[in-house]
Amino acid sequence: MIQNAQKFSHSILQECIKPGDCVIDATMGNGNDTIFLSTLVQNEGKVFAFDVQKAAIIRTTEKIQTLETKDNIQLICDSHANLSTYVQEPIQAAIFNLGYLPGSDKSIITTPDSTIHAIESIMQLLTVGGRIVLVCYWGHEGGDTELSQLLEFLPTLEQHEWTVLQYQFMNQQNQPPICFVIERKR
Ligand code: SAH
């Protein structure tokens, strides 16, 4: 069967990440992507994981306790808009899960300005062949504004430098998430 947006995001990351790479989870949430990235880059790699909510840091800290590669993870309780304070090295991949933290305060959502600012910061660090993956949940209040700003921003990226993909189901109800991929060509 065709992969849903979340599964597709992992396939697209897996294709471009190898042991030793530095990668970013820009929206840690429950920590599932952080763990996925940690196992891909292995002990010689590095994962920077961001979230503004203490709850996300606590949940992820608990989840990674028994993970063999946990020492390659740095959990950062700050906005991804400030990521250039923490990350200066070349980055092979990054993931964003846009929306609110499931099972938590639905009013704390990712916002277009900080999301786009963070994307631009990562684009400056991204290696050739590197990918930024956005899984955009947009069914919640404020989600449609973020989606529409991304739909304005992403097509403006210079074609000779970036490949930009939109992966979306056309006939599903309840606003399923949309996956976007930005890949550096040169
Ligand atoms: N809706 C997705 C999960 C989104 S989680 C799903 O169902 O799987 C989004 C996470 O981004 C939340 O944990 C939230 O706290 C975090 N977040 C919101 N604004 C942020 C910011 N500026 N920087 C980093 N994380 C942020």
Side-chain angles (χ1 to χ4, degrees), residues 2-14 22-40 46-64 73-88 91 93-126 131-151 153-154 166-169 172-182:
I2 291 173
Q3 293 179 318
N4 66 23
Q6 195 271 331
K7 283 233 171 71
F8 181 72
S9 73
H10 279 200
S11 302
I12 218 88
L13 288 170
Q14 197 156 16
C22 287
V23 298
I24 295 173
D25 182 352
T27 53
M28 183 191 318
N30 289 321
N32 297 322
D33 291 336
T34 303
I35 290 171
F36 179 69
L37 292 171
S38 171
T39 57
L40 288 178
K46 168 106 198 185
V47 183
F48 298 92
F50 291 84
D51 206 292
V52 287
Q53 289 193 73
K54 256 273 154 65
I57 309 281
I58 293 167
R59 286 183 203 180
T60 306
T61 304
E62 276 170 16
K63 256 195 194 157
I64 64 175
I73 301 173
Q74 183 179 347
L75 302 180
I76 301 162
C77 192
D78 197 353
S79 170
H80 45 227
N82 301 324
L83 77 88
S84 47
T85 314
Y86 304 90
V87 189
Q88 284 89 34
I91 291 297
I95 177 139
F96 291 73
N97 265 284
L98 304 175
Y100 61 88
L101 179 60
S104 193
D105 188 344
K106 283 192 185 178
S107 70
I108 304 176
I109 56 172
T110 52
T111 54
D113 285 356
S114 66
T115 298
I116 291 173
H117 183 77
I119 293 170
E120 289 174 326
S121 304
I122 298 169
M123 284 169 68
Q124 290 181 18
L125 301 170
L126 203 67
R131 293 172 175 174
I132 302 172
V133 182
L134 316 168
V135 181
C136 180
Y137 293 79
W138 57 285
H140 59 284
E141 203 178 326
D144 50 348
T145 311
E146 186 165 45
L147 175 61
S148 66
Q149 296 214 20
L150 286 170
L151 289 172
F153 167 70
L154 293 172
Q166 178 174 350
Y167 181 89
Q168 176 175 22
F169 294 91
Q172 284 182 7
Q173 294 174 356
N174 303 326
Q175 295 138 309
I178 302 169
C179 185
F180 299 98
V181 184
I182 303 168

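Both counts, for ligands and for their atoms, begin at 1 and track the order of listing.
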With heavy atoms of A26 as the reference, note each atom of ligand 1 found under 4.0 Å away. 24 (C), 25 (N)
Would you find a donor on one side and an acceptor on the other, under 3.5 Å apart, between the side chain of N30 and the backbone of N32? no
Name the closest protein heavy atom to atom 8 (O) of ligand 1, giving the residue it belongs to and the distance to 0.1 Å. Y137 OH, 3.5 Å
Which residue owns the protein heavy atom closest to atom 5 (S) of ligand 1, what's the atom, and how far is it? Y100 O, 3.6 Å
Qualifying residue for side chain to side chain contact (heavy atoms under 4.5 Å, CB included) with Q149, from I116, T111, T115: I116
Between H80 (side chain only) and A118 (backbone N and O only), is there a donor and an acceptor less than 3.5 Å apart? no
Report, in ascending order of atom number, the atoms of ligand 1 lying under 4.0 Å from any heavy atom of I109. 18 (C), 19 (N)
How far is atom 24 (C) of ligand 1 from the closest protein heavy atom, and which atom is that? H80 ND1, 3.3 Å
Could you check atom 18 (C) of ligand 1 against the protein and tell me its nearest heavy-atom contact, residue, atom and distance included? T110 CG2, 3.6 Å
Short question: side chain of S9, backbone of Q6 - any donor-acceptor pair under 3.5 Å? yes
Taking atom 10 (C) of ligand 1 as the reference point, the nearest protein heavy atom with its distance: D51 OD2, 3.6 Å
Which ligand 1 atoms are under 4.0 Å away from a heavy-atom of P102? 3 (C), 6 (C), 7 (O)
If you scan protein heavy atoms around atom 9 (C) of ligand 1, the nearest is N97 O, 3.3 Å
Considering the heavy atoms of G29, write down every atom of ligand 1 situated less than 4.0 Å from one of them. 13 (O)
Output the list of atoms in ligand 1 that are nearer than 4.0 Å to some heavy atom of T27, sorted by atom number. 10 (C), 11 (O)
Testing the basics here: between Q175 and W138, what is the closest heavy-atom pair and its distance to 0.1 Å? CG-CH2, 3.3 Å
Please work out whether the ring planes of H140 and Y100 are parallel, tilted or perpendicular, with thresholds of 30° and 60°. perpendicular
Hey, is the main chain of I57 close enough, under 3.5 Å, to the side chain of T60 for a donor-acceptor pair? no
Please state which protein non-hydrogen atom is closest to atom 22 (N) of ligand 1 and give its distance, to 0.1 Å? S79 OG, 3.0 Å
Ligand 1 to S114, heavy atom cutoff 4.0 Å, flagged ligand atoms 22 (N)
Ligand 1 to G99, heavy atom cutoff 4.0 Å, flagged ligand atoms 9 (C)
Which class fits the ring pair Y86 and F50: parallel under 30°, tilted 30 to 60°, perpendicular over 60°? perpendicular
Consider side chain to side chain contact (heavy atoms under 4.5 Å, CB included). Of I122, I76, I132, which one does I24 pass it with? I122
Give, for atom NZ of K106 and atom CG of L101, the distance between the pair rounded to the nearest 0.5 Å. 11.5 Å
4.0 Å heavy-atom contact, A55 with ligand 1: no
Distance to 0.1 Å, residue and atom name: give those for the protein heavy atom nearest to atom 26 (C) of ligand 1. V52 CG2, 3.7 Å
